[in-house]
Amino acid sequence: MRIARFTSGDDPAYGLVDAAGERIAEISGDPLYTKIELTGATHLLEDVRLLAPVIPRSKIIGIGRNYADHAAEMGTEVPDEPLMFLVPNTAVVGPGDPVVIPEQTHEVSYEGELAVVIGRMCKDIAPEEVRAVVYGYTCANDVTARDLQRSDGQWARAKGFDTFAPLGPWIESDLDPGDLSIVTRVDGEVVQDGTTADMVHGVAALVSYASRAFTLLPGDVILTGTPAGVGPVVAGQRVEVEIEGIGVLTNPFVSR
Ligand code: MG
């Protein structure tokens with residue numbers, strides 16, 4: 001299923017998007033917490049505005065340098081264990097929303113990534129148990145102020161500015177994340193072209209590892225790292241992250 005969050009002018013609602021990506025069938029309540037029940041209302045997708053499919057209640061966990069070719073282009077090694085960082089939920093925006101480049105940075109980069117959405121509370125789970133706690137997958141852009149990432153020494157500000165965590169366009173709940181093409185385009189030009197098969201630590205290992213540090217709650221999001229090809233994006237450009245089996249997340253970049 002493709003689970004989206006949207007507005008048709010009223011309060012945000014959730015819905016199921018059809019395979020053609022043309023219609024959305026409204027559901028009652030938040031499907032993370034309640035059984036999916038259709039209200040009977042449907043909309044053309046072009047008539048609604050899609051919102052971030054999930055606003056994490058507690059946390060976004062980012063994973064750094066999880067593709068060897070990206071670690072190499074950064075002049076760094078792949079860490080022995082997953083390198084985790086936290087992003088505040090106030091950084092989340094939805095498909096089509098502008099990413100606002102703040103005045104504190106002069107070097108912003110896109111990072112196309114597969115995002116894992118947690119569906120059940122869990123702690124200290126084994127990799128074999130991960131499938132049961134994953135709600136689904138969506139596209140993410142782990143927008144990074146590269147200059148501040150270097151100068152700050154830790155990544156809270158560089159990754160955590162408001163609007164720096166676009167998610168969408170929806171959550172795909174039926175997906176094997178093992179070998180999905182992940183492509184990023186800037187103004188239509190392909191800049192990243194990778195596959196999730198090249199992750200150093202796969203989804204099961206990452207979620208298990210994160211759960212050994214943090215209790216994972218429904219709606220928590222884990223960003224699984226970016227393949228090679230990161231680079232600058234400036235105000236006026238548009239970044240698309242397309243993941244096989246999910247869809248395309250598009251965001252314009254603007255300056256403050
Ligand atoms: Mg990243």
Side-chain angles (χ1 to χ4, degrees), residues 52 54 56 59-93 99 101-102 105 107-118 137-168 177 180-186 190-203 205-207 209-210 213-214 220-233 239-243 246 248-251 253:
V54 60
K59 56 197 166 297
I60 301 167
I61 302 165
I63 305 293
R65 298 184 215 138
N66 195 35
Y67 289 77
D69 54 356
H70 169 61
E73 75 178 348
M74 301 302 287
T76 54
E77 301 284 322
V78 171
D80 289 339
E81 295 190 359
L83 172 62
M84 293 194 289
F85 56 93
L86 293 174
V87 179
N89 62 2
T90 43
V92 173
V93 290
V99 174
I101 299 174
T105 176
E107 188 184 351
V108 171
S109 180
Y110 53 81
E111 293 187 356
E113 307 201 2
L114 177 73
V116 182
V117 181
I118 299 297
Y137 301 90
T138 191
C139 308
N141 190 345
D142 177 25
V143 180
T144 303
R146 200 68 74 197
D147 48 356
L148 302 182
Q149 186 182 31
R150 286 191 297 266
S151 62
D152 283 359
Q154 52 89 18
W155 303 356
R157 187 167 63 141
K159 304 270 194 183
F161 281 109
D162 287 358
T163 75
F164 269 30
L167 297 175
L180 304 173
S181 98
I182 174 166
V183 173
T184 306
R185 290 180 286 269
V186 176
V190 173
V191 289
Q192 292 186 288
D193 187 357
T195 163
T196 59
D198 288 340
M199 287 184 190
V200 176
H201 306 282
V203 166
L206 293 177
V207 175
Y209 186 84
F214 312 118
D220 282 352
V221 170
I222 299 175
L223 308 178
T224 55
T226 199
V230 299
V233 52
V239 179
E240 295 169 280
V241 177
E242 179 166 13
I243 299 178
I246 303 176
V248 185
L249 168 68
T250 304
N251 297 92
F253 280 61

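Atoms within a ligand are numbered from 1 in the order they appear, just like the ligands themselves. What you see is a predicted model; the values in this text were computed from it and never measured.
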Between [X] and [Y], is there a donor-acceptor pair closer than 3.5 Å when you use the side chain of the first and the backbone of the second?
X	Y	value
Asp147	Thr105	no
Thr226	Gly112	yes
Asp198	Tyr67	no
Thr138	Leu167	no

I'd like the atom name of the N/O/S atom in [X] lying closest to the Mg ion (ligand 1).
X	answer
Asp142	OD2
Glu113	OE2
Glu111	OE1

